[in-house]
Amino acid sequence: MNRRTLLRRGAALGGTVALAGCTGLFETRTAGIPPIPEDRPDAIYVPSHVEGMKMAGTATDGDYAFGLLYSYPHRFWNVNGDAVSLTQIADEDDVHLMASVWDPESMTVLPDTGLTAEIYQDGSLVSQEVIYPMLSQPMGFHYGANFGLDGDGTYTVELSVGAVSTRRTGAFQGRFSEAASVELPFEYSRQERDDIGIRRLGDETATPGAVDPMEMEMLPASLAPPESDLPGAVVGTGTSNDARFVVSVLDTPPAGIDGDGQYIAVSARTRYNRSILPAMGLEGVLSRGGEPVYEGPFTPTLDPDLDYHYGAVVDGVESGDELSLRVVVQPQTARHEGYETAFGGLDGGMPDVTLTVR
């Protein structure tokens, strides 16, 4: 079932991606980027600036569609377990490459693909960097890294994925199990890069909130489904360090999951923009009358209707049951500014979420 919607407003002019609410407010980045905001909250906050980006191209191979974009080099924060470290812009960095991978049939964005990127010029390898799963407010979930180039010219970017490591259910069973790769031509000039706009957010910076996601015809949005679109019955919601959990119960598990009983699906998304939050370790306890009736993991799962979520099969769920969710591993995704202080982040803590099933 195709529930994904392409954002069709703000069509790209000359390959430039439109950002919602930002028309006419961009300038070039001749003065550099603002410093990291001080007095940031331990939560999602409005970043100091928003940089535009340009589309380099799209391609498909097998079960996968790929999109490639670029912008100025970015600072970002890597996450490794509970450790969060800042990656500064290096002198040799020329661009920040961003890639999106999705299912061309359902337009579902695919995390956990093990994406790699290599840049060639005239058949010779120019740059090969680790490309990270990332979260940003304008783009949501994507893959990105800073790369150095050999000046203006024509390059080829090879994007490769392995099999998706996430459990797949429903119509996704048996799909995304093979490796794939595409080659995308990339025309680069420093002048064109420097013409990409930047919007400085002034007094809004470091206040709770988020900038709107980008709007683009050629890429699907990495959004979790609205509550009203989730299968089953939504029985409660909760928030942990600005990760919002929407809990739904299905009468039977999705096709491909062993076990009899009902299925609890936890859809994790960012508080403001509804971006998916993948690569998280989640456990839970379902209690009735003070006694646990289920205690164990909620497995990351990719389903065409539930999208990316965390699920568990239980004997049954009743109104008045108590569900306690505990994040044991924060989302293992790098973060752009505005997200590094949320979802565990620099503070390192994601409080348990407890809700009563309605």
Side-chain angles (χ1 to χ4, degrees), residues 1-8 12 15 17 53 55-70 97-120 123 125-135 139-145 147 154-187 214 216-225 254-257 275-276 278-279 299-309 311 332-334:
M1 179 178 178
N2 183 355
R3 297 177 300 97
R4 309 296 283 176
T5 301
L6 291 180
L7 297 174
R8 298 194 177 280
V17 178
M53 57 192 83
M55 172 62 74
T58 63
T60 59
D61 183 28
D63 286 340
Y64 306 91
F66 299 80
L68 181 68
L69 305 95
Y70 74 98
L97 287 185
M98 295 155 283
S100 180
V101 184
W102 67 93
D103 169 29
E105 294 183 10
S106 66
M107 305 305 294
T108 301
V109 170
L110 302 175
D112 303 335
T113 64
L115 183 77
T116 61
E118 298 176 349
I119 302 177
Y120 295 88
L125 182 66
V126 172
S127 189
Q128 180 181 21
E129 301 288 345
V130 173
I131 192 162
Y132 302 94
M134 284 191 169
L135 293 169
M139 197 172 175
F141 177 83
H142 63 285
Y143 302 88
F147 288 82
T154 300
Y155 296 85
T156 298
V157 179
E158 182 177 346
L159 299 175
S160 303
V161 296
V164 171
S165 58
T166 312
R167 178 174 71 178
R168 279 96 68 201
T169 55
F172 287 164
Q173 292 180 87
R175 301 193 62 215
F176 321 123
S177 58
E178 302 291 334
S181 65
V182 296
E183 293 184 351
L184 289 165
F186 174 40
E187 297 286 342
M214 70 175 188
M216 189 162 187
E217 289 185 323
M218 300 176 71
L219 297 180
S222 60
L223 302 181
I257 295 180
S275 296
I276 58 172
T299 304
T301 306
L302 192 62
D303 181 86
D305 296 324
L306 289 161
D307 207 286
Y308 193 102
H309 68 282
Q332 296 296 287
T333 57

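Values below: every heavy atom of this structure, side chains too, minus hydrogens, waters and symmetry copies.
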Review point. Just by distance, with hydrogens left out, do Thr301 and Thr299 show a side-chain donor and acceptor under 3.5 Å apart?
Key: no
Point to revise | Residues that Tyr132 engages under ring pair (Phe, Tyr, Trp, His ring centres under 6.0 Å), provided they are two or more places apart | key: Phe76
Check your understanding: With sequence neighbours excluded, what pairs up with Tyr308 under the ring pair (Phe, Tyr, Trp, His ring centres under 6.0 Å) test?
Key -> Tyr310
Check your understanding: Rounded to the nearest 0.5 Å, how far apart are CG of Asp63 and CD of Glu105?
Key -> 7.0 Å
Practice item. Check side-chain contact (heavy atoms from CB on, under 4.5 Å) between Ala65 and all other residues, then give those that pass, not counting sequence neighbours. Key: Thr60, Trp102, Pro104
Exercise for review: Taking the side chain as every heavy atom from C-beta outward, state whether Leu159 and Val157 have any atom pair closer than 4.5 Å.
Suggested key: yes
Review point. How long is the gap from CE on Met107 to OG on Ser222, to the nearest 0.5 Å?
Key: 12.0 Å
Check your understanding: Excluding sequence neighbours, so at least two apart, what forms side-chain contact (heavy atoms from CB on, under 4.5 Å) with Ala255?
Key -> Gln173
**Study point:** Any Leu69 side-chain heavy atom under 4.5 Å of Leu97 side chain
**Key:** no
Review point. Of the non-hydrogen atoms in Ala180 and Tyr64, which two are nearest, and what is the gap between them?
Key: CB-CD1, 3.5 Å
Review point. Minimum heavy-atom separation for Ile276 to Pro278, with atom names?
Key: O-CD, 3.4 Å
Review point. Hey, does Leu68 have a side-chain heavy atom less than 4.5 Å from the side chain of Thr58?
Key: no
Revision key, fill the gap. Contacts of Phe141 meeting ring pair (Phe, Tyr, Trp, His ring centres under 6.0 Å) (sequence neighbours excluded), chain-then-number -> Tyr143
Check your understanding: Taking only residues two or more places apart in sequence, or in another chain, which ones meet Asp103 in a salt bridge (charged side-chain N to carboxylate O under 4.0 Å, His left out)?
Key -> Arg175
Exercise for review: Please name all residues satisfying side-chain contact (heavy atoms from CB on, under 4.5 Å) with Glu178, sequence neighbours left out, ordered by chain then number.
Suggested key: none
Practice item. Could you pull out the closest heavy-atom pair between Ala171 and Pro304, with the gap in Å? Key: N-CG, 3.8 Å
**Study point:** Contact check, side chains of Met134 and Met139, non-hydrogen atoms, under 4.5 Å
**Key:** no
Practice item. Could you check if a side-chain atom of Thr113 sits within less than 4.5 angstrom of a side-chain atom of Phe176, using non-hydrogen atoms only? Key: no
Check your understanding: Considering residues at least two apart in sequence or located in another chain, which fulfil the side-chain hydrogen bond (donor to acceptor under 3.5 Å, both in side chains) criterion with Gln332?
Key -> none
Review point. Under the criterion side-chain contact (heavy atoms from CB on, under 4.5 Å), which of Val126, Leu125, Val130 is the partner of Gln128?
Key: Leu125
Study note, to complete from the structure: All heavy atoms of Ala59 vs all of Leu184, minimum pair found to be CB-CD2, 3.7 Å
Exercise for review: Check the pair Ser127, Tyr155 against side chain to side chain contact (heavy atoms under 4.5 Å, CB included), reporting the backbone distance first and the verdict last.
Suggested key: CA-CA 10 Å; Ser127 189; Tyr155 296 85; over 6 Å; no
Check your understanding: Is any side-chain heavy atom of Val101 closer than 4.5 Å to a side-chain heavy atom of Val109?
Key -> no
Review point. For Gly140 and Ser275, which heavy atoms make the closest approach, and how far apart are they?
Key: CA-OG, 3.6 Å
Study note, to complete from the structure: For Thr169, the side-chain hydrogen bond (donor to acceptor under 3.5 Å, both in side chains) test, sequence neighbours excluded, returns Asp303
**Study point:** Closest non-hydrogen atom pair, Leu115 against Ala99
**Key:** CD2-CB, 3.6 Å
Check your understanding: CZ/Phe66 to CG/Leu219 distance, rounded to the nearest 0.5 angstrom?
Key -> 13.0 Å
Study note, to complete from the structure: Residues passing the salt bridge (charged side-chain N to carboxylate O under 4.0 Å, His left out) test with Arg167, sequence neighbours excluded, are none
Point to revise | Non-neighbouring partners of Glu183 that pass side-chain contact (heavy atoms from CB on, under 4.5 Å), sequence neighbours left out | key: Thr156, Glu158
Point to revise | Test applied, ring pair (Phe, Tyr, Trp, His ring centres under 6.0 Å); reference residue, Phe186; option that passes from Tyr120, Tyr70, Phe147 | key: Tyr70
Review point. Considering residues at least two apart in sequence or located in another chain, which fulfil the side-chain hydrogen bond (donor to acceptor under 3.5 Å, both in side chains) criterion with Thr116?
Key: none
**Study point:** NE2 on His142 to CE on Met53, rounded to 0.5 Å
**Key:** 7.5 Å
